[in-house]
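Below is one structure, written out as structure tokens; comments come after it.
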Amino acid sequence: MLKLGIIGTNWITQQFVEAAAASKEYELTSVYSRHEESGKAFADKNGGQVYTDLDKFFNDGDFDVVYIASPNSLHFAQTLKAIDAGKQIIVEKPIVSNPDEFAQMKAALAEHPEIHVFEAARHIHEHNFRAIRKQLASMETISGATLTYMKYSSRYDEYLAGKDPNVFTTTFSGGALQDLGVYVVYDAVTWFGKPNRVHYYATPLRTGADGKGVAVLGYDGFDVTLNIGKNTNSYLPSEIYGVKDTIVMDNAAELTSVIYHAADGSTKRISEEPDDNPMIAEAKDFATVINDPKNPDNVRHYQTWLHLSEIVNSVLFDLRRKASIVFPADNK
Ligand SMILES: NC(=O)c1ccc[n+]([C@@H]2O[C@H](COP(=O)([O-])OP(=O)(O)OC[C@H]3O[C@@H](n4cnc5c(N)ncnc54)[C@H](OP(=O)(O)O)[C@@H]3O)[C@@H](O)[C@H]2O)c1
């Protein structure tokens, strides 16, 4: 059983802790919160010793793996601290703010080869994501894709009320591209590889972060269009085009229903009913690698995930640059 420490006490940490428990691979032992009260409320419900000092959490906390679910701009420094402390690391998407931070993180990892850093890109670990990959392998030609992930954020109410919630600020490396676009960039990079060229037509908020936008990723012979947003809801399905055949997903980041429409007009469901908690698959995958790190399959999986993280990080950065979105983290 892996001992788990957590950073951040919002709903996503609750969901991860429940997924970790459902996987039967982790036991929550340590909780970091900036405030005794929120840490205690989380620990009362889920267990664990509470720390309000981050260094004490890393130095004294009895845990093997840390799950980092703080605002995006803090991931980098907290990941470096965790590497130094010899902890295995699961860090929420988007892993770090830019390629420079990614390179520094990789350099720190090279000094600690026993440590793994996993980006919690939950959907790529799910069965339905792999089913799409398998279907793509049997399609002779790819002619493009339109992938949509637009979900109205409850935090947008606060933004409209004149506040600056973390996720809608450049200070915390937020915005629609970082928060939701990361999922569809993961889709495109995993399914089609690194794009040759990118564009991002962003709709900026008063904070300078993007509220929504349309990205185009260019590949040899086809383009992929990404519709992303946090200040509106879209109910559009997503599609990957063959020649006469098409894969249709109900949602490119929450893959519940995936149908293959063959060239002859027949259809085949390639999705399965997903887990109730979409983080169980990743929690299991990460535990498999941590528990048997030298197993060649595990080594390969880990290297694939880290490589994917790095490409996604660089594509997000290139997209941001096209839209002139700059984070304070870019100028450090
Ligand atoms: N995988 C998914 O489906 C999913 C879903 C939602 C979010 N996420 C990711 O999870 C991460 C957290 O997102 P969130 O929306 O929960 O963010 P958030 O509410 O802004 O912050 C998360 C936690 O970080 C701490 N925190 C907040 N502001 C802080 C500050 N100024 N300085 C230091 N710590 C601060 C708080 O914990 P304490 O008060 O206890 O210190 C808070 O509960 C992000 O990276 C996001 O992309 C992933």
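As the structure lists them, so they are numbered: ligands from 1, and atoms in each ligand from 1. Computed from heavy atoms alone, side chains included, the values below leave out hydrogens, waters and symmetry copies.
Around the CG atom of N196, the shell of radius 6.0 Å holds more than 12 heavy atoms that belong to other residues, nucleotides or ligands.
If you look at F286 and H125, their ring centroids are closer than 6.0 Å.
Remark: N98 engages D330 in a side-chain hydrogen bond (donor to acceptor under 3.5 Å, both in side chains) (not counting sequence neighbours). Residues satisfying the salt bridge (Lys or Arg N to Asp or Glu O under 4.0 Å) test with K212, not counting sequence neighbours, are none.
Note on ring orientation: taking the six-membered ring where Trp is involved, the planes of F118 and Y302 are perpendicular (angle over 60°, cut-offs 30° and 60°).
Pairs engaging residues 179-188 under the side chain to side chain donor-acceptor pair (under 3.5 Å) rule: K93-D179, E119-Y186, H123-D187, D179-K230, Y186-S309 [sequence neighbours left out].
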List, for ligand 1, each N/O atom that has a protein N/O partner under 3.5 Å away, with both atom names and the distance.
residue  : atom   : partner : partner atom : Å
ligand 1 : 1 (N)  : E92     : OE1          : 3.1
ligand 1 : 1 (N)  : E92     : OE2          : 3.3
ligand 1 : 1 (N)  : Y183    : OH           : 3.3
ligand 1 : 3 (O)  : R122    : NE           : 3.4
ligand 1 : 3 (O)  : Y183    : OH           : 3.1
ligand 1 : 15 (O) : R155    : NH1          : 3.2
ligand 1 : 16 (O) : N10     : ND2          : 2.7
ligand 1 : 19 (O) : N10     : ND2          : 3.2
ligand 1 : 19 (O) : R155    : NH2          : 3.1
ligand 1 : 20 (O) : N166    : ND2          : 2.8
ligand 1 : 26 (N) : R34     : NH2          : 3.4
ligand 1 : 28 (N) : N166    : ND2          : 3.1
ligand 1 : 34 (N) : R34     : NE           : 3.4
ligand 1 : 39 (O) : R34     : NH2          : 2.9
ligand 1 : 40 (O) : T9      : OG1          : 2.6
ligand 1 : 40 (O) : S33     : OG           : 2.6
ligand 1 : 41 (O) : R34     : N            : 2.9
ligand 1 : 41 (O) : R34     : NE           : 2.9
ligand 1 : 43 (O) : T9      : N            : 3.3
ligand 1 : 43 (O) : N10     : N            : 3.2
ligand 1 : 45 (O) : S70     : O            : 3.4
ligand 1 : 45 (O) : N72     : OD1          : 2.7
ligand 1 : 45 (O) : H75     : NE2          : 3.0
ligand 1 : 45 (O) : K93     : O            : 3.2
ligand 1 : 47 (O) : N72     : OD1          : 3.4
ligand 1 : 47 (O) : K93     : O            : 2.7
ligand 1 : 47 (O) : K93     : NZ           : 2.9

